[in-house]
Each structure stands twice: as structure tokens, then as C-alpha cells.
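Just so it is clear, the model here is predicted, and its values are computed rather than measured. Heads up: numbering here begins at 1 and tracks the sequence. Whatever order the structure lists ligands and atoms in, that order sets their numbers, starting from 1.
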Amino acid sequence: MWKYSAFSLLLCATTSVAQFDRSLYSTSPPVYPSPNITGAGGWDEALEKAKAFLKELTLEEKTGIVTGTPGPCVGNVAPISRLGFSGLCLQDGPLAVRQAALASVFNAQLSAAASWDRSLSHKRGKLLAEEFRGKGSHILLGPVIGPLGRSPFGGRNWEGFSPDPYLSGVLVEETVLGMQSVGVQATTKHWVGNEQETHRFPNNRDGKTIEALSSNIDDKTMHETYMWPFANAVRAGSVSIMCSYNRLNSSYGCQNSKTLNGLLKTELGFQGYVMSDWGAVHSGVDAILAGLDMNMPGGLDFNVSEPSFFGGNLTLAVNNGSVPIERLNDMVLRVMTPYYFLKQDAGYPSVDGSSESLGIFDEENYRHQYTLGGTVDVRGDHGEVIRELGAAGTVLLKNINGTLPLKHPKNIGVFGSDAADMTQGLYVEVNINWALPNHNFEYGPTAIGGGSGSGRFSYIVPPLEAIKAKGNSYGALVQYVTSNFAIKNNALKSNTPMLAPSPPDVCLVFLKSWAGEGWDRTSLIAEFDSTIVVEKVTEVCPNTVVVLHGAAPIVMPWKDNPRVTAILAAHMPGQETGNAIVDILWGDVNPSGKLPYTIANAETDYAKNIVNLTEPVTDPNAWQAYFTEGNLIDYKEFDAQNKSVAYEFGFGLSYTTFELSNLRIEISKGNISRTPSVTAKILPGGNVELWETLVNVTVTVKNTGEISGDAVPELYLSLPSESGVGTPVSSLRGFDKVFLKPGETNTVEFPLQRRDLSFWDTVTQTWKLPSAAIGVNVGFSSRDFKLNGEITI
Ligand SMILES: *[C@@H]1O[C@H](CO)[C@@H](O)[C@H](O)[C@H]1NC(C)=O
Ligand SMILES: *[C@@H]1O[C@H](CO)[C@@H](O)[C@H](O)[C@H]1NC(C)=O
Ligand SMILES: *[C@@H]1O[C@H](CO)[C@@H](O)[C@H](O)[C@H]1NC(C)=O
Ligand SMILES: *[C@@H]1O[C@H](CO)[C@@H](O)[C@H](O)[C@H]1NC(C)=O
Ligand SMILES: *[C@@H]1O[C@H](CO)[C@@H](O)[C@H](O)[C@H]1NC(C)=O
Ligand SMILES: *[C@@H]1O[C@H](CO)[C@@H](O)[C@H](O)[C@H]1NC(C)=O
Ligand SMILES: *[C@@H]1O[C@H](CO)[C@@H](O)[C@H](O)[C@H]1NC(C)=O
Ligand SMILES: *[C@@H]1O[C@H](CO)[C@@H](O)[C@H](O)[C@H]1NC(C)=O
Ligand SMILES: *[C@@H]1O[C@H](CO)[C@@H](O)[C@H](O)[C@H]1NC(C)=O
Ligand SMILES: *[C@@H]1O[C@H](CO)[C@@H](O)[C@H](O)[C@H]1NC(C)=O
């Protein structure tokens, strides 16, 4: 049970919505000039090298460094051979070297988020980046923390971690550190407010441009929710940040001086370069002065051979004085310093694969992407970690009658199209035309999503194959129907000896939900008649285990059916999807995943938070998304309304049990000011004092069950009402994952930094510690608090 202790905040939450004055969101405040790179944060030596390099460049070479060009990669910076610079190769994306052959398809970040595992997330980032390096790609277009997940329908949420900014912040930090530890540049994206796919691009109607969606976010919410994890990414040293397609207060993301010059380069002290998303540049001079440093893929649109706002135009703009040469120099330094910092000048593998231009985005080119291929096998033993993280990112939601782990059942039924092998090739993205709802993709595992964040499988282990292997190992009978259509049409009842004379000991049903770039989800119910499939299987099978793969959340109208004895949210495990689920089902791995989002009782329980206008839209400024809910997304939305949910944020069962005790709170002694010192250093990540630990909380956790397992104690803070209207009832501010043998205890520490304990004060424009008591709750989910206390600073 969760204790409700912040009733007054509820009223505030409602007020915040009423107080959202839309008229204030039509312009973005100007912030100029664009700050110069200073080398802060340990980049001094690399900056000196970049300056020496800059001195040798002609004006055209300088514009070349910041403008994409045709080449072998999805984005390319041209080489300058006379200076021994071999150029830069940029590749998608966040879970694989997207088009490459002989590369791994990793778990989606969604799975990493569900693992709540810092070290596995770090390892994932490192191994993924090793593959980029092996394929000759200097710049990895990931990780993703925008979308954060404002809407559960968001088509790209799975590319990111979690709608909780703290969880996303911790995991993006680990991921960036992992990636860059092997000398590959991380591009954290998409900055900022990129929360829906619907109308992400401008379009043209009757010769008039209908502008892209504008995300209109108040200053407090910007800091406390959407910008939060980006601060972690910058602090971790992410050398690049990709600006987004959407507008902010009606100003395009890649030419918004408030977010680029202001929030990112000044407040967060970002030293690297701002790279445009593909086709997100809508001006030259304006974008550059607003803080954009690199135009990708280089042309006006997705076609690099089209004219460019940068390139020759930038040369002209410098010559005619509209862009100061100092600004162009800074752009070049911001691009080249990371190259030296990560020692990419000291020998780097050359690009493996096609030499055809992949920078031109058109239908024909998608076919060319098949040929990228390459001959260097970069997979190593990465499949083992992918399998491990696949299991770690699986959340056990329901487990009655001791169904799981399975105890060597002799007769196993497998149902549902997600269990089957792929039927349309191993490059999902191409086969289903990016992200279109997968009408033509009924059969095959949904182990990743679609779009630029997709990947080409070199192999996949479908659930059915892994289950057969496991069953065969001890002589079990494995029977299956993987056509949902057939199940719907009573294949299990009529005309089949499959289930005779008695039902299988266990029936494993595999359901899936698709999502991909370009489209938002239209339903949160798993596809291909999932509800009927569960109904038909449970009619004949009293011991039915449902496994959900793909996008999240998936709502489950059948969750309370007593014949559904176990439910697993298995997310997007990548190429080892089958092995990962078998490890959990048979108990070789004790589930330890926790939901990184909320599963509501019904999809209508969520605020949808997607703007979708009815065409024809004729007003160029019609597409406006007002983030009126402020910080209250996901569990914070449900908490504010005291609304019951199916499975709450942070929830997940184990095959063992844990107990928490002994909450201790240790507060820094000494004179703590309410706000960080204005004279403190700004290093990447912002004012350094924001990252100082002011409070240590410790608890004792014990494994009280019969088998070993990982516990995930979670710490939530409740800031007092002085933190402002719309302050969440609880906000995650600490977690750890600890392995415990039966009977074993361990101490878990939650160091709370100044930022964790502060709210953003819009008047003084700084983070401020509340003076009233802050509530502390430690438990096993956002609604399962075991220990509580208070912090007064
Ligand atoms: C958008 O407008 C709001 C209200 O005026 C302001 O608080 C916020 O800082 C603005 N954001 C941007 C990116 O311009
Ligand atoms: C950036 O440095 C140049 C000198 O290289 C200087 O002229 C310019 O004023 C500086 N810009 C800012 C915003 O500090
Ligand atoms: C790309 O742009 C070039 C130059 O305008 C044009 O010749 C070519 O047809 C374009 N490609 C596509 C696929 O539109
Ligand atoms: C410069 O930009 C304009 C559009 O503003 C375009 O028509 C022109 O072709 C561009 N020039 C170059 C060299 O790309
Ligand atoms: C300078 O050149 C840029 C790029 O071609 C152009 O957009 C701008 O209008 C020019 N300005 C002047 C004053 O000629
Ligand atoms: C938005 O509206 C269009 C047209 O009605 C529809 O096809 C699409 O599915 C809608 N998108 C969402 C996310 O509901
Ligand atoms: C599960 O347990 C309930 C009672 O706890 C019982 O009614 C039901 O028959 C059991 N189901 C199976 C499949 O054993
Ligand atoms: C929250 O809802 C529960 C029942 O669902 C009720 O008992 C409780 O009083 C409610 N709390 C508040 C603060 O409204
Ligand atoms: C918190 O613990 C760390 C070591 O675990 C220690 O260095 C630090 O001083 C402690 N801070 C406070 C406020 O107790
Ligand atoms: C505490 O710090 C504030 C400024 O942050 C200062 O004005 C005050 O004198 C300090 N008090 C003590 C006792 O050091």
C-alpha cells in the first residue's frame, strides 16, 4: 500500500493547469551571442589541438567541417587530405549500427530502463560504441532522452529510457560514459520537447508552409522535467547534442537561441557541438547565430545534393558579414575538439561497407542501404550481454499459483505471432516502410522498433525457437499456434489434437505492440487481436502466461483473468529476445526489472498528450502543443489525481522476497545556502554546486526468500508546497540494484545532490532548496513505500 501524504499538492496541481497562459508562448526570448567553447571540463589540451588545426583551414574548409556532404555514412563530414583529416562518419543509431551487416542489434533503451541497472546500461553503451568504432563510424547518433515520454502514445518513446527524468538522467549518463570510453562520439538527442511524431515536419498547403508542431513548455517544467536528463548527458561529456524537429514557443528547435545559446551552452555549460536533426534546419544565418553548429545531412532537406543553408551560403554569409568569422571558428572548434579529446586523430578504423552515398534520402536509397553491409564482423560476444540485459529488462507483473518459474513442464503450448520467426527478412525497418503500423508484419518477434533507431539483424532468436530448445533439453512436448488469425478462429477448440487430451501444463502467449519513428501509436492494446487471443487461449488453458513484447506501455484488459496466472512485460530485448525470455520463464534468471513507466487500467485513463488536428489545416501556426500538465506526466499524473493504476511506475515482482529496514538520513553539516553560489564554476552539466551531495540516505535491504535475486530499493522525495504549483506528490531521486543471496543483507546508499533536493525558482532563475521539510519514502515502487522520514536543510 502507498501512503498518501500530500493532499494540498493535489489542489496546486489543478491550479497549475488553470494558470497556463497560452498567450505567453508565441515567442522565444532572444539569447545572443552564442557562447564560445572554453575547454572547461578537461578539454583544454584537445582545444589547443583543434585551434592549431583551425589555423590551417581555408574559409571553404571551415564551412565544410560544419556542413554534411554525400558519403558512405548516414551523415558525413568531408575529409581534408592535405591536413591528414579523414573526415567524420555519422551513423544511426541508438541500438545498432543501423544498416550494417555483421553487427549486433542491441536491446532498445526501453529495456535498459526497465533493468534499472547502471552497470548493464554502461556496458550496453560501451559494446554498442565498440561496434561503431569497428565499422569506422566516429559519431553514434544516440542515446535518446527526448522524447522523454510525455505521451504514452509517443511513437519513439522506446528509443529513450523513461518518462521519469531522474531515471533517464542516471541511465543516459552511464550510456554516454560507456560509449565515449571507447573513443566514439555520443550524440544525445533530441533537444528538446520532441514529444510527439504527429506533424513533426512542416508541410505545404496551397503554397503556404504549415509550420511544424510547437512544444510550449513553461520554464519550470523545462528545468524540472525535459531538460533534467540532458544536464546529466552534458555532465557525462556527451560531445554532441542533436537539436529537434519541433518548434519551441513557435521558434524551430535548431534555431532557438533560448534553448541553444541560453539553456544548453550557457546554463549547462555545453562545450561540444549542436548537430541538426536530418532536415531540421530552416535557416542559415539565423540558426548559426542561435547556436547551431553542424548541419546534417547538409542539404536543404533530407537530400544532401539539394542546396544548403550552410556550405556555400555560409561562406557567403561570412564574406558579407552576416556571420562573424569568430562564430564559424567556434563552430569548427566545437566539432574538432571532441575529435582530439577522444583521440580519433590517433588512428581510426576506416568505414566498412558501401562506398555509395547514403546521405541522399530517397526511396531508391533505402534499397542501397541493404548494400551497406560490410565485411568486418564487429559482434564479438556481445550477444551474451544483450541476452543478460534482455532478461534484466523483463518485468514480472503478475505471478499467481506459483506458476513461474516453470518447473520443467512436460507439455508446453506456445501461442501468438510474436513467438514465431521473422517472415519478411531481418531488416525490419525496410520491410515495414519505417514505422507504418505493421499490417504486413504479423509474424515475427517485435524485438525493436522502427525508423532511424532500428537495426538490421544478423540473426534473431525467436521465442518459439528458444522454447523448443529448452523443452527439448529435458524431453518436453512443445506445441504451438503462431497465427493469431487461426487462434481467433477457434483453432484451439476445433479440429486439432493439439490440446488433447488435456491442455498443456502451461500456455505461453506472446503478444506484441509496434511503434516507430514518424507515427504515434493509435492504441496501447497489443496488436493482432491480442485480447481475443488471450480469451481463446485461457478458455482452454487454465495456466496461461502472457508475455508482452515491443512498445510500452501496453494496457491489459484481461489482466485480472484468473486463468492468466503470470504476466511479463518483456519490452524490446533485441536479437536475443527468445533466450532472454526463456531465462526468466525457467528461472535461470530471477526477474529484477521494474516498470520505467505506468501501466494504467485503460488507455483512456492517461492524458493522451498528442496534438492531432483535423485536416485540412490552413493556419501556418495551428500546430501548438501546450504542456499544461507541467511536471505531472506518467506516475506524477496518476499520483496527482490519486487515480488507481494497473501496475505502477517502479513495480516489478521477483521469485524471491525482500525487506527494507533501518532508514538513516545524514545531512551535511555547515552553512548550506538555499541556492548554489553564483560565483561557482560552470562546468559541463551546469553550476558545479548542483552536483554536490548534501544528504546521504541509507537503508538496509534483506533477501527474505529462498533464492538469490536482485533487489531494487527506490527512493522518492516529496518536496513541500513552496516548491511551487504542480509539484509532484513523489519524485524518484534514488535507486540501486543489489544482488542478495537468501538471507543476505546489504546497505544501500542514496546520495542526494543539491539538484535532487531543489526546485527551479523561475523568479531568481536558479535551483533553490526548500526550507520546509522534504518527505522521504523508500520502497519497492512509486506506490509501495516501506520506510519514511524527512529532510530539513
Ligand atoms: C516559452 O515561453 C514561456 C512563457 O513565456 C517561457 O517561460 C519559456 O522560457 C519559453 N521557452 C522558450 C524555449 O522560449
Ligand atoms: C568568442 O571569441 C572571439 C575571439 O575568438 C571573440 O571575438 C568573441 O567576442 C567571443 N564571443 C563570445 C560570445 O564571448
Ligand atoms: C536530390 O537533389 C538533386 C539536386 O537538386 C536532384 O537532382 C535529385 O533528383 C534529388 N534526389 C531526389 C531523390 O529527390
Ligand atoms: C543558399 O540558400 C538558398 C535558399 O535560401 C538556395 O536557394 C541556394 O541554392 C543556396 N546556395 C547554395 C550554394 O547552397
Ligand atoms: C549574406 O549571405 C547570406 C547567405 O547567402 C544571405 O542569407 C544574406 O542575406 C546575405 N546578407 C547580405 C547583407 O547580403
Ligand atoms: C491523427 O489523425 C490522423 C487522421 O485522422 C490519423 O490517421 C492518425 O492515426 C492520428 N494519430 C494518432 C496518434 O492518433
Ligand atoms: C490458482 O489458484 C486459485 C486459488 O488460489 C485456484 O482457484 C485456481 O484454480 C488455481 N489455478 C490453477 C491454474 O491452478
Ligand atoms: C485516494 O483514493 C483512495 C481510494 O482509492 C482514498 O481512500 C483516499 O482517501 C484518496 N486520497 C486522497 C488524498 O484523495
Ligand atoms: C555521504 O557519503 C559519502 C561517502 O559515502 C561521504 O563522502 C559524504 O561526505 C557524505 N555526505 C554527507 C552529507 O553525509
Ligand atoms: C552562511 O552563508 C551566508 C551566505 O550564503 C552568509 O551570509 C552567512 O553569514 C553564513 N553564516 C555563517 C554562520 O557562516
Side-chain angles (χ1 to χ4, degrees), residues 30-40 47-48 50-51 54-55 62 147 150-157 195-200 203 213 257 260-262 264-266 269-271 288-291 293 318 321 323-334 337 435-439 513-525 527 551 603-604 606-617 622-623 625 664-672 682 689 691-699 715 734 736 747-754 756-757 769 776 791-793:
V31 180
Y32 295 99
S34 194
N36 287 326
I37 183 175
T38 64
L47 178 57
E48 286 316 310
K51 281 181 175 165
L54 176 74
K55 276 208 186 98
K62 289 179 185 177
R150 174 184 184 232
S151 169
F153 294 82
R156 296 184 83 172
N157 292 0
E195 296 296 323
Q196 71 172 59
E197 293 301 282
T198 306
H199 205 73
R200 63 181 185 155
N203 62 352
L213 180 90
S257 68
L260 302 180
N261 288 340
L264 184 59
K265 290 185 177 176
T266 306
F270 176 59
Q271 295 291 309
I288 287 165
L289 299 182
D293 300 303
V318 170
V323 169
I325 183 67
E326 291 79 12
R327 175 70 189 106
L328 176 57
N329 287 344
D330 182 58
M331 293 158 74
V332 173
L333 293 177
R334 282 175 176 274
T337 301
L436 286 174
N438 51 352
H439 304 299
S513 186
W514 178 254
E517 181 174 0
W519 283 264
D520 294 307
R521 298 165 77 197
T522 53
S523 169
L524 305 183
I525 291 189
E527 282 128 34
E603 66 182 43
T604 47
Y606 298 95
K608 188 163 185 181
N609 291 341
I610 298 279
V611 172
N612 199 6
L613 304 180
T614 308
E615 295 288 355
V617 174
W623 290 87
R664 272 185 304 193
I665 299 175
E666 200 183 327
I667 301 172
S668 256
K669 295 189 183 57
N671 190 3
I672 301 177
I682 308 291
E689 290 188 0
W691 304 96
E692 284 173 1
T693 297
L694 299 186
V695 178
N696 283 328
V697 176
T698 55
V699 296
L715 177 143
D736 205 356
T747 302
V748 176
E749 286 186 24
F750 305 102
L752 296 173
Q753 296 164 332
R754 178 181 281 273
D756 297 328
L757 298 154
L769 293 167
V776 180
I791 296 170
T792 308
I793 299 177

Result for side-chain contact (heavy atoms from CB on, under 4.5 Å) between Leu752 and one of Val697, Val776, Leu694 points to Val697

Separation between CZ (Phe153) and OG1 (Thr522), nearest 0.5 Å, reads 8.5 Å

If only side-chain N and O atoms count, and only distance matters, is there a donor-acceptor pair under 3.5 Å linking Thr198 with Asp520?
yes

| query | So do the side chains of Asn612 and Gln196 get within less than 4.5 Å of each other, counting heavy atoms only? | reply | no

Logged contact type for Glu197 with ligand 6, heavy-atom cut-off 4.0 Å, is neither

Output yes when the distance from some N or O of ligand 9 to some N or O of Thr693 is under 3.5 Å, and no in every other case.
no

Checklist line | Side-chain donor or acceptor of Ser151 paired with backbone N/O of Lys608 under 3.5 Å | finding: yes

Numbered in order shown, the ligand 6 atoms found under 4.0 Å of a heavy atom of Thr522 are 9 (O), 12 (C), 14 (O)

If we number the atoms of ligand 6 from 1 as shown, the ones under 4.0 Å from a heavy atom of Asp520 are 13 (C)

Sequence neighbours excluded, the answer for side-chain contact (heavy atoms from CB on, under 4.5 Å) partners of Leu264 is Trp191, Val234, Ile241, Leu268, Phe270, Val274

Does any N or O of ligand 6 fall below 3.5 Å from an N or O anywhere on Arg521, backbone included? no

Numbered in order shown, the ligand 6 atoms found under 4.0 Å of a heavy atom of Lys608 are 14 (O)

Salt-bridge present (Arg156, Glu517; N to O < 4.0 Å): yes

Quiz item: Looking at ligand 9, does any of its N/O atoms fall within less than 3.5 Å of an N/O of Ser668?
Solution: no

Original post:
Heavy-atom distance under 4.5 Å between the side chains of Asp293 and Lys265, does that happen here?
Top reply: yes

So is Glu615 in contact with ligand 6, going by heavy-atom distances below 4.0 Å?
no

Across all chains, not counting sequence neighbours, the ring-ring contact (aromatic ring centres under 6.0 Å, His included) partners of Phe750 are none

Those residues at least two apart in sequence (or on a different chain) that pass side chain to side chain donor-acceptor pair (under 3.5 Å) with Ser523 are Glu603

For Asn612, the atoms of ligand 6 under 4.0 Å from one of its heavy atoms are 1 (C), 2 (O), 3 (C), 8 (C), 10 (C), 11 (N), 12 (C), 14 (O)

Numbered in order shown, the ligand 9 atoms found under 4.0 Å of a heavy atom of Leu694 are 13 (C)

dist Thr38:OG1 -> Gln271:CD (nearest 0.5 Å) comes out at 3.5 Å

The answer, listing residues by chain and number that come under 4.0 Å of ligand 2 through any heavy atom, is Pro33, Ser34, Asn36, Glu326

- Query: At a 4.0 Å cut-off, with the gap strictly under it, does some heavy atom of His199 reach an atom of ligand 6?
  - Reply: no

